[in-house]
Amino acid sequence: MSIQIYNSFTRKKEEFTPLEEGKVRMYVCGITAYDRCHIGHARSAVVFDAVVRHLRSRGFEVSFVRNFTDIDDKIINRANQEGISCSELSEREIGHFYDDMDALGILRADIEPKATEHIPDIINLIEKLVEKGVAYEAGGDVYFSVENFAGYGALSGRNIEEMLAGARIAPGENKRSPGDFALWKAAKPGEPKWESPWGEGRPGWHIECSAMSMKYLGETIDIHGGGLDLIFPHHENERAQSEAATGNRFVKYWMHNGFVTIKGDKMSKSLNNFITIQDILKEYHPEALRLFLLSKHYRSPLDYSPEAISENMAALDRCYNAVSEAERLSGMNVRKKRPVTDAAAEAIQELEALPEKFNQAMDDDFNTAKAIGILFEAVRALNRLNDQAGKKPSALYVEPLKAGAEAVKKAASVLGILRQDPAAYLKERNLAALAEAGLDQEALEKLIEKRNQARREKNWAEADRIRDELLSKNIVLQDGPEGTTWSAGRG
RNA sequence: GGCGGCGUAGCCAAGUGGCUAAGGCGACGGUCUGCAAAACCGUUAUUCCCCGGUUCGAGUCCGGGCGCCGCCUCCA
């Protein structure tokens, strides 16, 4: 069974056949480093992270490039507002980007190039375009002439006439035609600038991705990704520049993720309805955010709400509990070798089928929603196995428990969840809840002992009072055969 | 106006022609427990926005409505 990818260019699912067998060249447009990242950025990052993880788990050698735009109008404006230099601003925001991405468990790209470090490559590419007659210099600017590139608009599904009808030339621009876009912008006073054959200036936005993609991955690459909003004009322009320069196809598969909406509207700076990754992570575990971002197919819109993240937190807890319990049970020293129950045998079979089913879902255009469903079914099977192994211990459960826990963790790792040691995850969560309740472990143990004393005396009212008091502080008590344990609630 | 997408249970969400419409959250019942919690088991959409059509057969294809959203300017 091959991998299918929805190609935005052809608007249908296609069988994925990389240019070179077993290898994948992939480029994803990174951030413009001028502000904190919001959930929309997180979605794009998490989606393409899952793509890379899955391709690698399927045995592909992936060369993954993600750029930083570190010179741009937005950066210049923001730096001026703050009274700092553009490089100070972009360095700071790249630092914030890494803080957020590391927390989310986003793998680093193999190469993470910055526009300002590739000015000579950009200038070379522009020169090539000027030589070929598809770009022209005007007043220190250089523009790409869209009318000289046949097929402009093919990616975004629009034709030149329509676009020209609506487009206008802004004051101060020296374009010949309203559809043309800047490859190089002449320096204005006080702006960062570089020497070029057309005088001092700086690169336009689109050209950097073409230059860096071609430099590190070659003239044609397998996958180029980004948010849906990049299709036009960014990717349309990238494609035009690159193919005009080389005469070859630029990208084999274009992939675009859908937006994060909030109350149904697109999250954006102008509507002022965005929420930053940093803010979410103050409230929620990063893996709960990841699970939420992967809970819907990557091309569909995804509506954000705090409740939605909470729901995923509950599901994540269940997964960690199951794996933790399986690991605990498999570590117990049991000598008896009584055969496993029928229910356990069924659960074992289900767990054995997990990798195949999971891969099938992911192979189908990275259907993470389906894959998560399959993972959760496996978690339920693992719990069933835990149940049986706990009730009637047998040495014959040890291997299936270990294998089951491993299979669940392996599948989860493609989604980038269950990355923590389960016991450590639960402990961390519990200690955080304890701190929030204003208790320390000793005080809690005392309360538990006090309650157990009451229980021995069958003073149920007092026992329940203590339990309810702790519950109101989000500490849940569980009475088991081996005594009373406690854990953080899901509040 | 042009182009594109979406409408599946209380909520979120998979499913694009055919066995019982995945899965999660929530709710309810059972096992366990002093009672609970966790876990497990069971129940929770005779039906997929509406109306027509194609077909032996449609949530899935076609036509027409209604509703929502996005792109067309910087945007993941």
Side-chain angles (χ1 to χ4, degrees), chain A residues 8 11 28-32 34-35 37-48 72-74 77 153 156-159 161-163 165-168 170 205 225-234 236 256-261 264-270 274 291-292 295-297 299-303 305 307-308 310-319 321-322 325 343 347 357 361 364 367-380 382-388 390-391 455 458-461 463-464 467-468 471 476-481 484-487 489-490:
Chain A
S8 306
R11 291 177 191 80
V28 172
C29 290
I31 57 157
T32 296
Y34 78 107
D35 203 353
C37 291
H38 57 65
I39 318 179
H41 299 101
R43 183 179 195 193
S44 186
V46 167
V47 161
F48 288 106
D72 177 79
D73 291 338
K74 286 196 292 288
N77 293 340
S156 52
R158 56 199 81 208
N159 61 58
E161 293 73 39
E162 276 171 17
M163 281 184 284
R168 250 179 275 163
W205 175 37
L228 212 52
D229 45 2
L230 295 184
I231 290 183
F232 189 87
H234 187 55
E236 190 71 71
H256 295 96
N257 65 276
F259 298 121
V260 176
T261 59
D265 294 324
K266 181 183 169 184
M267 195 172 280
S268 75
K269 299 272 174 185
S270 53
F274 61 94
L291 204 49
F292 164 69
S295 66
K296 202 171 170 187
H297 188 90
R299 282 186 278 114
S300 307
L302 174 67
D303 200 56
S305 70
E307 295 74 26
S310 286
E311 282 175 18
N312 283 283
M313 189 74 224
L316 182 66
D317 274 359
R318 218 167 56 84
C319 295
N321 268 316
E325 183 66 0
K357 287 173 79 180
D364 182 12
N367 192 337
T368 53
K370 192 173 185 180
I372 287 170
I374 288 162
L375 178 67
F376 286 167
E377 283 180 50
V379 166
R380 201 143 40 98
L382 187 60
N383 268 326
R384 234 176 297 148
L385 185 58
N386 289 341
D387 221 44
Q388 297 296 317
K391 279 182 191 156
R455 287 176 72 215
K458 302 216 187 299
N459 184 354
W460 306 126
D464 292 350
R467 187 173 62 196
D468 290 345
L471 187 62
V476 181
L477 296 188
Q478 288 132 230
D479 302 320
T484 300
T485 58
W486 63 276
S487 64
R490 287 169 179 175

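Only the C1' atoms considered, rC50(B) is 14 Å distant from rG59(B), to the nearest whole Å. The separation of rC6(B) from rC12(B), taken at their C1' atoms, amounts to 15 Å, rounded to a whole angstrom. Nucleotides rU8(B) and rG67(B) have their C1' atoms positioned 16 Å apart, rounded to a whole Å. Look at the P atom in both rA14(B) and rG24(B): the space between them is 15 Å, to the nearest Å. Rounded to the nearest Å, the gap between the C1' atom of rC19(B) and that of rA58(B) is 16 Å. For rG4(B) and rU44(B), the C1' atoms lie 37 Å apart once the distance is rounded to whole Å. If you take atom C1' in rC35(B) and the same atom in rC48(B), they sit 42 Å apart, rounded to whole Å. Only the P atoms considered, rU16(B) is 14 Å distant from rA22(B), to the nearest whole Å.
Residues Asp387(A) and Arg384(A) are not paired through a salt bridge, judged by the lack of any N-O separation under 4.0 Å between the basic side chain and the carboxylate.
Distance CZ (Phe232(A)) to C1' (rA76(B)): 18 Å, rounded to an integer number of Å. The CG atom of Asn386(A) sits 11 Å away from the P atom of rA39(B) (whole-angstrom rounding). Protein atom CH2 of Trp486(A) is 19 Å distant from nucleotide atom C1' of rA36(B), rounded to whole Å. Residue His256(A) contributes atom NE2, which lies 10 Å from atom C1' of rA76(B) at whole-angstrom precision. With rounding to whole Å, Glu325(A) atom CD is found 9 Å from rA38(B) atom C1'. Computed from coordinates, the Asp468(A) CG to rA37(B) P distance equals 12 Å when rounded to whole Å. To the nearest angstrom, P of rA76(B) lies 6 Å from CG of Leu230(A). Per the geometry, CG belonging to Leu228(A) stands 13 Å off P belonging to rA76(B), to the nearest Å.
Here Lys266(A) reaches the OP1 or OP2 of rC71(B): one of its side-chain N or O atoms lies under 4.0 Å away. Contact check, Arg384(A) against rC41(B): a side-chain N or O comes under 4.0 Å of OP1 or OP2. For the pair Asn257(A) and rA76(B), the criterion of a side-chain N or O lying under 4.0 Å from OP1 or OP2 is not met.
Comparing rG24(B), rG34(B), rA37(B) against the side chain of Arg455(A) picks out rG34(B) as the nearest. Out of rG34(B), rA37(B), rC71(B), the shortest distance to the side chain of Trp460(A) is found at rG34(B). Taking every side-chain heavy atom of Pro233(A) into account, rC74(B) is the closest of rC35(B), rC74(B), rC40(B). Ranking rG23(B), rA76(B), rC69(B) by closeness to the Asp265(A) side chain, first place goes to rC69(B). Here the side chain of Val476(A) is nearest to one of rA76(B), rG24(B), rA37(B), namely rA37(B). Considering only the side chain of Arg318(A), rC25(B) comes nearest among rG70(B), rC25(B), rG34(B).
Residues Arg299(A) and His256(A) come closest through the heavy atom pair CG-O, 3.5 Å. Nearest approach of Val379(A) to Ala322(A), heavy atoms of both residues: CG1-CB, 3.8 Å. When all heavy atoms of Ser156(A) and Arg11(A) are compared, the closest pair comes out as C-NH2, 3.6 Å. Heavy atoms only, all atoms of each residue included: Ile374(A) and Ala361(A) are closest at CD1-CB, 3.9 Å.
Each of Ala315(A) and Gln388(A) was matched to the nucleotide of RNA chain B holding its nearest heavy atom; the match closer to the 5' end belongs to Ala315(A).
Note that OG1 of Thr484(A) is 9.5 Å distant from CZ of Arg467(A), once rounded to the nearest 0.5 Å. Annotation: the span from Leu471(A) atom CG to Asp464(A) atom CG amounts to 11.0 Å, rounded to 0.5 Å.
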For nucleotides 3-22 of chain B, 5' to 3', base contacts (B), sugar-phosphate-only contacts (S) and non-contacts (-) with protein non-hydrogen atoms under 4.0 Å give S---------SSS------B

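Shown here, rG17(B) forms no base pair; nothing in the strands shown gives a Watson-Crick or G-U wobble contact with both key distances under 3.5 Å. When Watson-Crick and G-U wobble pairs are counted only if both distances are under 3.5 Å, rA38(B) pairs with no nucleotide at all. With both pairing distances under 3.5 Å, rG1(B) is matched to rC72(B) as a Watson-Crick or G-U wobble pair.
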Take Asp35(A) and Lys74(A), measure what side chain to side chain contact (heavy atoms under 4.5 Å, CB included) needs, and give me the verdict at the end.
-> CA-CA 9 Å; Asp35(A) 203 353; Lys74(A) 286 196 292 288; over 6 Å; no

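Using a 4.0 Å heavy-atom cutoff across all strands shown, Asp464(A) reaches at least one base atom of the nucleic acid. Counting any heavy atom pair closer than 4.0 Å across all strands shown, Gly258(A) reaches a base atom. Among the atoms of the strands shown, only primed sugar atoms or phosphate atoms (P, OP1, OP2) are found under 4.0 Å from some heavy atom of Phe376(A). At a threshold of 4.0 angstrom between heavy atoms, the contacts of Val260(A) include nucleobase atoms, whether or not backbone atoms are also involved. In this structure, Gly227(A) reaches the sugar-phosphate backbone alone: every heavy-atom distance under 4.0 Å involves primed, P, OP1 or OP2 atoms, never a base.
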Kindly give the atom pairs (protein nitrogen or oxygen, nucleotide nitrogen or oxygen) under 3.5 Å for nucleotides 26-31 of chain B.
none

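No N or O donor and acceptor, one from the side chain of Asp73(A) and one from the base of rC74(B), sit under 3.5 Å apart. A donor-acceptor contact under 3.5 Å links the side chain of Arg467(A) to the base of rA36(B).
More than 12 heavy atoms of other shown residues, nucleotides or ligands fall within 6.0 angstrom of atom NZ in Lys296(A).
Remark: the backbone N or O of Gly153(A) is paired with a side-chain donor or acceptor of Glu236(A) at under 3.5 angstrom.
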